[in-house]
Number of protein chains: 2
Amino acid sequence: MTRPRITRGDLDRNLGLRLRRAHGAVQRHFLDHFSELGLTQKQVSVLWLTGDHPDLAQTDLAAALDMDRATTMALVHGLEKRGLLVRRPSATDRRRIAFRLTDAGTAVLADAKAAIVEHEAWLKDRFTAGELKTLEELLARIYR
Amino acid sequence: MTRPRITRGDLDRNLGLRLRRAHGAVQRHFLDHFSELGLTQKQVSVLWLTGDHPDLAQTDLAAALDMDRATTMALVHGLEKRGLLVRRPSATDRRRIAFRLTDAGTAVLADAKAAIVEHEAWLKDRFTAGELKTLEELLARIYR
DNA sequence: TATTGTTATACTCTATAACTATA
DNA sequence: TATAGTTATAGAGTATAACAATA
């Protein structure tokens with residue numbers, strides 16, 4: 001069979017592509033191993049931040065996770081529908097809708113954190129502590 | 001105004017989140033600066049690999065870019081509809097559909113490569129040569 | 001005027017499942 | 001049996017535009 005040997009050539013010097021492939025691999029691992037959680041990584045991030053910051057508003061969340069406001073809406077409304085968080089207008093600024101975890105949300109977050117710990121261990125096990133620190137710093141330079 | 005100060009706390013040690021944010025920032029930069037190209041980064045990757053490997057089959061492409069076959073279909077069909085590549089059954093294995101760039105595709109690829117070079121320069125300028133090499137190697141360990 | 005939330009809409013990427021044709 | 005392509009379908013993520021309420 002004449003099966004061409006695929007090399008990525010110049011494309012392999014494409015850092016954007018490497019970033020996308022790495023991100024995709026991590027995403028795939030999470031979906032494959034933690035689908036029974038019923039939450040995406042992004043949803044977990046929202047619950048996590050809400051747990052750390054009760055009365056968070058959607059705008060704060062959007063800024064903290066680099067999201068559009070409309071994108072944030074969909075995420076937060078989904079979690080609200082599932083009873084994991086409640087929203088109510090802020091007392092000091094009635095434009096803002098503050099939200100916090102319900103008891104159910106707190107319980108789900110605990111499970112989710114355990115899943116994330118396991119997921120992160122899979123991801124980080126391939127690096128030494130020094131490499132990990134380096135990688136974290138280099139990645140932060142891209143979005144910060 | 002009582003505006004909570006948002007810290008990411010433990011979440012900041014989440015490597016998956018850093019990866020997602022970095023990937024998102026790169027994606028955003030590409031969309032913001034090269035929308036007039038009319039191609040996504042992924043589409044450029046397909047054209048690029050096809051240019052380097054005439055008579056590529058969809059399965060080869062899927063493997064080279066970590067894509068599902070169905071995902072690959074949508075990508076390739078879109079590029080075919082726009083006249084950037086042509087597909088025809090392989091002579092040696094009639095299950096395989098080999099494809100290659102049209103003249104239009106070759107021309108578009110040249111523009112796309114110029115855009116990618118500019119985009120990558122924006123991305124890489126924040127790193128020294130040594131840091132870049134390190135980052136490339138560390139990222140490859142995730143998907144390889 | 002600017003900010004916050006909201007809704008409608010759309011596109012990309014990804015994936016699963018079931019099917020056909022070929023090896 | 002296995003592989004390659006195809007189609008239908010669905011979900012997540014992202015974003016824009018336009019609007020109402022509030023600051």
Side-chain angles (χ1 to χ4, degrees), chain A residues 1-4 16-17 19-21 23-32 34-35 37-46 55-63 65-80 87-99 143, chain B residues 1-3 16-17 19-21 23-35 37-46 55-63 65-80 87-99 143:
Chain A
M1 193 196 307
T2 37
R3 185 72 163 267
L17 177 56
L19 216 40
R20 182 161 59 250
R21 294 182 74 194
H23 173 246
V26 173
Q27 187 104 342
R28 235 169 281 130
H29 179 269
F30 187 83
L31 289 173
D32 287 349
F34 303 102
S35 59
L37 193 62
L39 294 172
T40 65
Q41 295 173 90
K42 200 113 208 187
Q43 289 173 318
V44 174
S45 295
V46 170
D55 292 328
L56 198 69
Q58 285 170 199
T59 304
D60 303 321
L61 193 59
L65 295 175
D66 306 319
M67 290 187 297
D68 188 78
R69 277 181 303 152
T71 306
T72 310
M73 279 289 309
L75 256 171
V76 169
H77 277 188
L79 294 171
E80 187 189 26
R87 307 185 316 132
R88 57 167 191 189
S90 159
T92 52
D93 183 341
R94 285 194 324 232
R95 291 175 304 181
R96 293 163 63 81
I97 308 283
F99 52 93
Y143 58 77
Chain B
M1 191 194 311
T2 37
R3 185 73 160 269
L17 177 55
L19 216 40
R20 182 161 60 249
R21 293 182 75 193
H23 173 246
V26 172
Q27 187 105 342
R28 237 172 278 130
H29 180 268
F30 187 84
L31 289 173
D32 287 349
H33 292 79
F34 303 103
S35 59
L37 193 63
L39 294 171
T40 64
Q41 296 174 89
K42 199 113 208 187
Q43 288 173 320
V44 174
S45 295
V46 170
D55 292 329
L56 198 70
Q58 285 171 198
T59 305
D60 302 322
L61 193 60
L65 296 175
D66 304 321
M67 290 187 297
D68 189 78
R69 278 180 305 153
T71 305
T72 310
M73 279 290 309
L75 256 171
V76 169
H77 277 188
L79 294 171
E80 187 188 25
R87 306 186 316 133
R88 55 166 193 189
S90 160
T92 52
D93 182 341
R94 285 195 323 234
R95 289 173 305 180
R96 292 163 64 81
I97 307 283
F99 52 93
Y143 57 77

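So you know, we letter chains A, B, ... as the sequences are listed, proteins then strands, and number each from 1.
In this structure, the CG atom of A/L79 is 14 Å from the C1' atom of D/dG13, given to the nearest Å. For the pair B/K42 NZ and D/dT14 P, the computed distance is 15 Å after rounding to whole Å. Distance B/Q41 CD to D/dT14 C1': 13 Å, rounded to the nearest Å. Here the P atom of nucleotide D/dT7 and the CD1 atom of B/I97 are 11 Å apart, to the nearest Å. Distance, A/H29 NE2 to C/dT14 P: 18 Å, rounded to whole Å. One atom, CZ of B/R21, and another, P of D/dG13, lie 16 Å apart when rounded to the nearest Å. For the pair A/L61 CG and D/dT14 C1', the computed distance is 15 Å after rounding to whole Å. We find that CG of A/L75 is positioned 15 Å from P of D/dG11, with the value rounded to whole Å.
The shortest distance between the side-chain N/O atoms of A/T40 and the OP1/OP2 oxygens of D/dG11 is not below 4.0 Å. Side-chain N/O atoms of A/R20 include none lying less than 4.0 angstrom from OP1 or OP2 on C/dT14. For D/dA4, neither phosphate oxygen OP1 nor OP2 lies less than 4.0 angstrom from any side-chain nitrogen or oxygen of B/R94. Proximity of A/Q58 to the phosphate of C/dT6: a side-chain N or O atom is located under 4.0 Å from OP1 or OP2. One finds no side-chain N or O of A/R96 lying less than 4.0 angstrom from the OP1 or OP2 phosphate oxygen of C/dG5. Listed pair A/T59 / C/dT3 fails the phosphate criterion, with no side-chain N or O lying under 4.0 Å from OP1 or OP2. Distances shorter than 4.0 Å separate some side-chain N or O of B/R87 from OP1 or OP2 on D/dT6. OP1 or OP2 of C/dT6 sits under 4.0 Å from a side-chain N or O of A/H77.
The side chain of A/R95 lies closest to D/dA21, out of D/dA21, C/dC13, C/dT6. In this structure, the nucleotide among C/dG5, D/dA23, C/dT16 sitting nearest to the side chain of A/A57 is C/dG5. Nearest nucleotide to the side chain of A/R28, out of C/dT14, C/dA15, C/dA23: C/dA15.
Relative orientation of the B/F34 and B/F30 rings is tilted, given thresholds of 30° and 60° on the angle between their planes.
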Check your understanding: Are A/F99 and A/V76 close enough, and set up right, to give a side chain to side chain contact (heavy atoms under 4.5 Å, CB included), and what steps lead you there?
Key -> CA-CA 9 Å; A/F99 52 93; A/V76 169; 4.0 Å; yes
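Annotation: of the two residues near DNA chain D, B/A98 and A/A70, the 5′-most nearest-nucleotide partner is B/A98. Taking the nucleotide of DNA chain D with the nearest heavy atom to each of B/R69 and B/G24, the more 5' of the two is matched to B/R69. For B/T71 and A/M73, each mapped to the nucleotide of DNA chain C holding its nearest heavy atom, the one lying further toward the 5' end belongs to A/M73.
Here CG of A/L19 is found 10.0 Å from OH of B/Y143. Values are rounded to the nearest 0.5 Å. Going from atom CZ of A/R87 over to atom CD1 of A/I97 covers 5.5 Å, rounded to the nearest 0.5 Å.
Here the side chains of A/Q41 and B/L17 are not in contact, with every heavy-atom distance at 4.5 Å or above. Put simply, the side chain of B/M67 reaches to within 4.5 Å of the side chain of B/L75, judged on heavy atoms.
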